[in-house]
2 protein chains.
Amino acid sequence: MTENAPHRVETSRKTIQILDALREHGSSSVTFIARELEMNKSTVHNHLSTLEAEKFVVRNGTDYELSLRLLGFGGYVQHRHPLYQVAKREVHRLASQTGELANLMVEEYGQGVYLASEQGEQAVDLDIYPGLRRPLHAIGLGKAILAHLPSERVDEIVEEHGLPAETDQTITDRAELDAQLATVRDRGYAVDNEELIRGLRCVGAPIIAKDGTVLGAISVSQPVSRTNSEHFTDEVPDIVQSAANVIELHANH
Amino acid sequence: MTENAPHRVETSRKTIQILDALREHGSSSVTFIARELEMNKSTVHNHLSTLEAEKFVVRNGTDYELSLRLLGFGGYVQHRHPLYQVAKREVHRLASQTGELANLMVEEYGQGVYLASEQGEQAVDLDIYPGLRRPLHAIGLGKAILAHLPSERVDEIVEEHGLPAETDQTITDRAELDAQLATVRDRGYAVDNEELIRGLRCVGAPIIAKDGTVLGAISVSQPVSRTNSEHFTDEVPDIVQSAANVIELHANH
DNA sequence: TAGTTTGTTCTACTCAGTAGAACGATTGTT
DNA sequence: AACAATCGTTCTACTGAGTAGAACAAACTA
């Protein structure tokens with residue numbers, strides 16, 4: 001707390017670390033978290049009983065887990081997000097129209113954050129939920145967003161997060177990424193061929209405000225087995241793009 | 001920190017108060033929160049910059065607001081909730097089958113917490129979102145749950161939260177509540193006639209585990225204007241109850 | 001331009017968070 | 001059954017960190 005990291009509350013930071021650990025490991029005991037975070041047992045105990053009194057965590061016998069109170073915060077943030085409000089219905093429609101998995105994403109802190117996720121009748125069952133963060137370069141949604149961010153911002157993001165390989169199809173080369181982003185700008189949508197998850201393909205379209213800034217992206221994800229017809233290469237991009245256009249109209253009043 | 005409220009971390013509690021204030025008031029400034037919570041300006045500033053560094057809040061110029069990181073926690077809690085996992089699809093189906101608003105609720109800390117909320121094609125647009133808390137006695141969902149809680153637990157809940165009137169139709173009398181809960185147990189579902197919101201009626205059915213404990217409830221809400229036909233009095237309760245039964249089957253493996 | 005009100009920085013004080021040892025309670029082992 | 005090990009919890013003392021208040025600069029108002 002001397003020079004260049006001024007005025008931070010170390011105690012609150014510890015509480016947040018504990019919440020993070022509970023999220024990462026699920027239901028956990030005092031001792032487990034203490035070992036995990038290299039804190040003293042009594043310290044962790046004090047924090048956890050505070051969190052319990054504040055109803056942020058709930059105990060099951062000897063273990064603690066995150067409570068529904070956090071869902072309240074999350075639901076609130078989602079509910080009042082301006083893009084979610086205008087895009088919610090389109091995500092829903094996209095899922096039921098295609099029968100597949102429809103997602104809505106925005107960028108925050110250089111990462112892609114799912115704002116909504118809706119499964120159609122035959123949709124794959126992925127572990128995607130609102131608030132989940134994924135690297136932008138490895139998904140169709142993310143590339144749709146990156147393609148319309150200012151290039152300095154893309155530089156910053158790549159510098160901060162790199163281009164880690166999620167599968168053997170992930171783009172890991174900066175030049176290759178730039179080339180693909182140019183293609184995305186040309187044809188208006190992005191494609192992701194098993195770049196995040198093996199066996200999964202996505203088509204994502206950017207949602208752009210009238211001043212040219214990108215608000216987010218919307219996508220359809222389907223298993224490779226259902227992407228061989230021309231339905232995937234022709235119709236799906238059209239459907240996704242028109243959903244994006246409808247959202248753009250709503251967003252611009 | 002002397003006798004009977006031992007080992008609480010006061011500093012973390014302050015951070016939580018600030019998060020609560022941001023949720024209650026939306027985007028707020030340092031001075032506003034300091035006044036609101038009767039804290040010193042510099043204290044609030046320290047906490048907020050810590051929260052910003054931890055990405056729990058985001059600043060818009062001079063104001064701070066809750067960030068999408070909290071959505072991550074909320075989405076995680078929802079996603080891993082055992083009832084949500086088995087009930088999600090039924091809520092979805094209920095919404096599209098009836099075209100109305102379908103909700104899923106559980107009890108926590110004596111309050112009703114929405115776990116899922118899905119709008120059908122013609123559904124009313126209420127400010128309901130996952131994590132929102134509502135008094136159990138004033139809604140169909142809540143009465144369906146209360147009817148199957150142990151009576152001592154109902155006593156506790158009424159004692160802690162009372163029976164506040166949300167509209168002029170809300171049950172405010174304990175004997176009246178007990179009578180209605182008996183009816184709910186008899187016929188298997190609960191009805192709410194504008195008891196939370198004027199103009200809105202709900203039908204809620206309890207979801208009961210094989211050991212008899214109530215896991216939650218599922219409901220359909222519609223505007224009074226669409227509840228005059230016998231469709232509402234006959235079919236809707238059947239549909240809701242069968243959705244509850246399907247969930248019970250999934251919940252019991 | 002003068003007067004407010006904002007967010008932020010700084011400093012000193014003291015209170016509260018922390019570590020570590022010790023306590024029962026519980027579990028698993030021999 | 002008695003033991004050892006590990007759990008959560010309580011206690012105490014120390015000191016480091018959170019807090020309040022004054023002072024700062026920047027933005028806005030009249």
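Keep in mind that the numbers below use all heavy atoms, side chains included, and drop hydrogens, waters and symmetry copies. A note on names: the letters A, B, ... follow the listed sequences, proteins ahead of strands, and every chain is numbered from 1. All of these numbers come straight from a predicted model, not from anything done at the bench.
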Between A:Val30 and A:Ser12, which is nearer to the 5' end of DNA chain D once each is assigned its nearest nucleotide?
-> A:Val30
Please confirm whether the shortest side-chain N or O distance from [X] to OP1 or OP2 of [N] is below 4.0 Å.
X: B:Thr11; N: D:dG18; result: no
X: A:Lys14; N: C:dT18; result: yes
X: A:Arg8; N: C:dT9; result: no

Could you give the [atom1]-to-[atom2] distance, from [X] to [N], as a whole number of Å?
X: B:Met39; N: D:dG21; atom1: CE; atom2: C1'; answer: 17 Å
X: A:Glu52; N: D:dT9; atom1: CD; atom2: P; answer: 8 Å
X: B:Leu37; N: D:dG18; atom1: CG; atom2: P; answer: 18 Å
X: A:Lys41; N: C:dA25; atom1: NZ; atom2: P; answer: 16 Å
X: A:Gln17; N: C:dT18; atom1: CD; atom2: C1'; answer: 14 Å
X: B:Glu38; N: D:dT19; atom1: CD; atom2: P; answer: 15 Å
X: B:His45; N: C:dT11; atom1: NE2; atom2: P; answer: 16 Å
X: A:Ile18; N: C:dT18; atom1: CD1; atom2: C1'; answer: 12 Å

Side chain of [X], heavy atoms from C-beta onward: which of [options] has the nearest atom to it?
X: B:Thr43; options: D:dA20, D:dG18, C:dT18; value: D:dA20
X: B:Asn46; options: D:dG21, D:dT9, D:dT19; value: D:dT19
X: A:Asn40; options: D:dA23, D:dT9, C:dG20; value: C:dG20
X: A:His47; options: C:dT18, D:dC7, D:dT9; value: C:dT18
X: A:Arg35; options: D:dC7, C:dT6, D:dG18; value: D:dC7

Using salt bridge (charged side-chain N to carboxylate O under 4.0 Å, His left out) as the criterion, point out the one residue from A:Glu107, A:Glu159, A:Glu160 that pairs with A:Arg153.
-> A:Glu107
Test item: side-chain donor near acceptor, [X] and [Y], under 3.5 Å:
X: A:Asn103; Y: A:Ser117; value: yes
X: A:Ser12; Y: B:Thr15; value: yes
X: A:Gln119; Y: B:Arg89; value: yes

Are B:His25 and B:Phe32 close enough that their ring centers fall under 6.0 Å?
-> yes
Over all strands shown, is [X] touching base, sugar-phosphate only, or nothing at heavy-atom distances under 4.0 angstrom?
X: B:Phe32; result: nothing
X: A:Ser42; result: base
X: B:Arg13; result: nothing
X: B:Thr62; result: sugar-phosphate

Quick one: is the NZ or CZ of B:Arg134 closer than 6.0 Å to the six-membered ring centre of B:Tyr114, and within 45° of its axis?
-> no
